[in-house]
Visitor: 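Please see the structure below; I have some questions.
Note that the coordinates shown come from a computational prediction; the quantities given were computed from them, not determined experimentally.
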Amino acid sequence: MGVKVPFRRELLIILHVPSMTCGGELSFTLEPSDIIAVQEQPLMLHCQVEGIPPITTQWRRNGALIVEDQNYVMFANGSLLIGHFQKTKSDGSSDEGDYECIAQNFFGLVLSRKARVQAASKGRSLYECMSEGNLLSLEKFRWYCFFSSCLCIMHMKVHSSALLCLQRKPGNALSATCWQRVNLPPAEFVQPPQSIARPVGTNAIFTCLAQGEPVPQITWLKNGQILEPDGHVKLRNNNSTLTISGVTQDDEAIYQCIAENSAGSTQSSARLTVLWADGLPGVPTGVRAEVLSPTSIQVSWNEPTQNTQDIIGYVLHIRKTADPVEMEYQEAVSKMTLQQVIGDLEPSTRYSFYVKAYTSRGASKASETAVESTLGEVPAPPALFTKVINSTVVQATWEPSTKMGQQEGFNLYYRKVPVPIFTGPLTFPRNVTQYNITQLDASFVYEIKILAFNQHGEGNATLRFVSLKEAVEKSVLNTPCDCVKDEQNKSSTTGIIIGIHIGVTCVIFCVLFLMFSYRGSSSVSCPLNETQMSTLPLDDFSLMEECEVQFRQHPAEG
């Protein structure tokens with residue numbers, strides 16, 4: 001803001017200088033208009049200009065300058081008189097054509113609209129014309145009808161409709177009908193360009209909007225010459241916007257906007273005043289750019305050679321060389337620094353740089369432009385996934401990253417840990433994203449890495465460690481079995497055990513039975529017969545003790 005305020009103050013001072021008032025800009029107060037001329041009759045084309053004198057005027061027909069002679073007379077007020085209008089002269093030339101007025105003074109040159117002059121055919125006829133069912137009043141419209149069937153209605157408002165024309169000739173009844181379309185008048189301006197004043201090094205924008213039917217074409221002139229776009233002069237939006245970037249003294253001129261269609265043309269002019277203050281700093285020199293990375297460039301420059309004591313800083317202008325000037329952006333730099341690192345740039349992209357020095361009164365002219373390209377960017381690391389297929393095979397799957405540079409392919413490496421040497425690279429095109437690594441040793445841990453590459457080199461790698469020991473142990477613990485056979489074996493074993501238990505039980509009972517049977521038969525101490533013995537429950541064996549006691553007590557009584 002400290003730079004713009006002084007410029008605004010100087011602008012006010014300049015505008016109050018008489019030689020820089022709006023009158024200094026040439027502008028037409030009256031321009032030539034289209035006309036149908038009568039042969040062998042004089043014809044006057046009008047052109048009046050205002051501005052600071054001296055003002056000189058000239059005329060052109062079909063782009064060629066008209067030289068004054070006995071048939072062409074140019075008046076001091078700018079008008080052109082054609083003494084005897086002729087469609088075809090003896091030398092084959094013609095007075096018909098497009099006429100334009102040229103006016104020039106100290107500040108520049110302007111061109112008028114083109115006026116189309118046509119010769120009228122001999123003979124006349126009358127028409128009664130109806131527009132959309134309504135008879136056109138001859139008192140309301142000025143109109144001329146010629147034998148050539150060309151109906152011209154003058155001073156008609158913007159209108160476009162069909163006319164039903166009934167031709168009459170003196171002494172004759174209605175003889176013909178025709179349809180005639182009334183075209184819109186020549187193009188007219190919706191927003192003509194406005195005169196502006198801009199300091200050296202800033203941007204100037206002119207806008208010119210016109211309407212008409214057909215849609216008018218826009219052409220720009222600089223001091224009467226067709227303006228050709230170049231590095232700092234751009235035409236946008238169908239030529240309706242004129243942008244001048246980094247204006248210099250050479251850009252000070254009168255700029256004209258010409259809108260033209262098949263119905264005619266019109267023009268409007270504006271002046272660009274370039275402001276220059278004394279004591280502004282000189283131009284920074286030695287601008288150079290050095291690439292640092294795919295996204296950064298360092299720009300350096302030398303201090304101006306004159307008026308450096310009041311410098312308050314520098315402004316570095318940055319733009320992609322492929323972008324329009326409007327896409328340029330700036331970075332402010334301290335006066336103590338003669339270099340700047342520009343970051344956040346796009347890889348593999350060409351940039352242009354220039355520098356201006358600023359004081360409180362304004363900016364210096366732009367320095368020379370330095371151009372440099374950022375480095376190409378290598379691809380980002382892909383995502384890597386591994387899967388153990390068996391004790392000797394590992395499947396590697398990867399997914400390319402969408403960040404950073406585009407990949408052209410992938411390199412795959414693997415090694416036994418801790419062996420330092422990798423096997424590889426195994427190179428794959430960018431459409432391959434899976435590979436099975438075979439013939440591995442199950443007793444080792446393997447390191448697998450994948451990286452993407454392009455024309456700028458290899459990117460960073462993605463690593464994974466894979467152990468095959470777990471796969472081996474897992475395969476041993478999970479040996480497959482024949483469940484039907486196991487079930488049969490299990491049933492057989494159970495039957496054998498049960499048979500053994502039953503056999504042992506039987507042997508025990510047999511032993512007990514024999515033992516007790518032997519005792520009973522030898523002592524005969526109980527009055528029990530065999531039938532009683534065989535039917536005696538096992539629980540009643542306690543009676544044997546009692547019988548045995550009684551048997552031992554009998555001898556004592558004897």
Side-chain angles (χ1 to χ4, degrees), residues 1-14 17 19-20 107 196-205 222 230-234 243-253 272-292 296-321 323-343 345 349-374:
M1 297 300 294
V3 174
K4 293 182 179 179
V5 173
F7 284 151
R8 196 171 296 168
R9 188 180 299 116
E10 289 186 21
L11 175 59
L12 293 175
I13 294 173
I14 291 176
V17 177
S19 62
M20 297 296 290
F107 298 100
I196 56 177
R198 292 289 182 268
V200 169
T202 59
N203 298 336
I205 300 177
K222 176 183 177 182
D230 57 20
H232 78 298
V233 178
K234 301 292 183 183
T243 302
I244 305 173
S245 304
V247 298
T248 65
Q249 292 291 340
D250 294 336
D251 295 316
E252 186 169 275
L272 172 61
T273 301
V274 179
L275 305 178
W276 180 260
D278 293 334
L280 291 179
V283 178
T285 61
V287 179
R288 53 204 177 273
E290 179 183 0
V291 61
L292 301 180
S296 61
I297 293 177
Q298 178 177 281
V299 182
S300 307
W301 60 92
N302 299 328
E303 194 176 53
T305 57
Q306 57 185 3
N307 299 332
T308 60
Q309 64 277 6
D310 296 329
I311 292 178
I312 59 176
Y314 298 91
V315 173
L316 177 60
H317 296 251
I318 308 152
R319 179 175 62 89
K320 293 180 186 178
T321 55
D323 285 349
V325 177
E326 292 82 358
M327 300 296 291
E328 178 185 282
Y329 65 98
Q330 301 86 34
E331 287 192 9
V333 184
S334 168
K335 68 176 182 179
M336 306 302 295
T337 303
L338 297 178
Q339 67 180 23
Q340 180 79 349
V341 175
I342 312 301
L345 303 178
T349 305
R350 192 172 180 83
Y351 288 86
S352 64
F353 309 89
Y354 67 89
V355 184
K356 292 181 183 179
Y358 276 81
T359 67
S360 58
R361 292 186 297 276
S364 69
K365 292 183 179 180
S367 69
E368 293 184 356
T369 300
V371 179
E372 185 58 270
S373 298
T374 52

Visitor: To the nearest 0.5 Å, tell me how far Leu345 CG sits from Ser296 OG.
Guide: 7.0 Å
Visitor: Please output the side-chain donor-acceptor pairs of residues 307-315 that fall under 3.5 Å, not counting sequence neighbours, one pair per line with the distance.
Guide:
from	atom 1	to	atom 2	distance (Å)
Asn307	ND2	Leu280	O	2.9

Visitor: Measure the shortest side-chain to side-chain distance between Ile342 and Tyr351 over non-hydrogen atoms and say whether it is less than 4.5 angstrom.
Guide: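 Result no, sub-4.5 Å side-chain heavy-atom pair not found.
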Visitor: Would Gln339 and Gln298 count as a side-chain contact (heavy atoms from CB on, under 4.5 Å) here? Give the steps.
Guide: CA-CA 7 Å; Gln339 67 180 23; Gln298 178 177 281; 3.7 Å; yes
Visitor: For atom CD of Glu368, is the number of surrounding heavy atoms from other residues, nucleotides or ligands below 6.0 Å larger than 12?
Guide: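 No, not enclosed.
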Visitor: Mind checking the CD-OG spacing from Gln340 to Ser300? Nearest 0.5 Å is all I need.
Guide: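 Gln340 CD to Ser300 OG: 10.0 Å, rounded to 0.5 Å.
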Visitor: Counting distance only, does the side-chain N/O of Ser367 pair as donor-acceptor with the main-chain N or O of Val355 below 3.5 Å?
Guide: yes
Visitor: Can you tell me how far CZ of Arg319 sits from CZ of Phe353, rounded to the nearest 0.5 angstrom?
Guide: 11.0 Å
Visitor: For the atom pair CD1 (Ile297) and CD1 (Ile318), what is the distance rounded to the nearest 0.5 Å?
Guide: 9.5 Å
Visitor: Flag the pair Leu272 / Arg198 as yes when at least one side-chain heavy-atom distance between them is below 4.5 Å, and no otherwise.
Guide: yes
Visitor: Do you know the tightest heavy-atom contact between Pro281 and Thr359?
Guide: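 Heavy atoms of Pro281 and Thr359 come nearest at CD-CG2, 3.3 Å.
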Visitor: Which heavy atom of Ser364 sits nearest to which heavy atom of Gly282, and what is that distance?
Guide: CB-O, 3.2 Å
Visitor: Can you name the nearest heavy-atom pair linking Glu303 to Leu338, along with the distance?
Guide: N-CD1, 4.1 Å
Visitor: Would a 4.5 Å heavy-atom cut-off, applied to side chains only, mark Asp251 and Lys222 as touching?
Guide: yes
Visitor: Counting only heavy atoms not in Lys234 (residues, nucleotides, ligands), do more than 12 fall under 6.0 Å from its NZ?
Guide: yes
Visitor: Is any side-chain heavy atom of Asn302 closer than 4.5 Å to one of Arg288?
Guide: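 Counting from C-beta outward, Arg288 and Asn302 do come under 4.5 Å.
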Visitor: Hey, could you give me the CD1/CD1 distance between Ile244 and Ile196, rounded to the nearest 0.5 Å?
Guide: 7.0 Å
Visitor: In the structure I gave you, are the side-chain heavy atoms of Val287 and Tyr354 within less than 4.5 Å of one another anywhere?
Guide: no
Visitor: Any side-chain heavy-atom pair from Lys365 and Thr248 closer than 4.5 angstrom?
Guide: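 SC-SC contact between Lys365 and Thr248 ruled out.
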Visitor: Quick one: CG on Asp323 to OG1 on Thr349, what's the gap to the nearest 0.5 Å?
Guide: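 Asp323 CG to Thr349 OG1: 9.5 Å, rounded to 0.5 Å.
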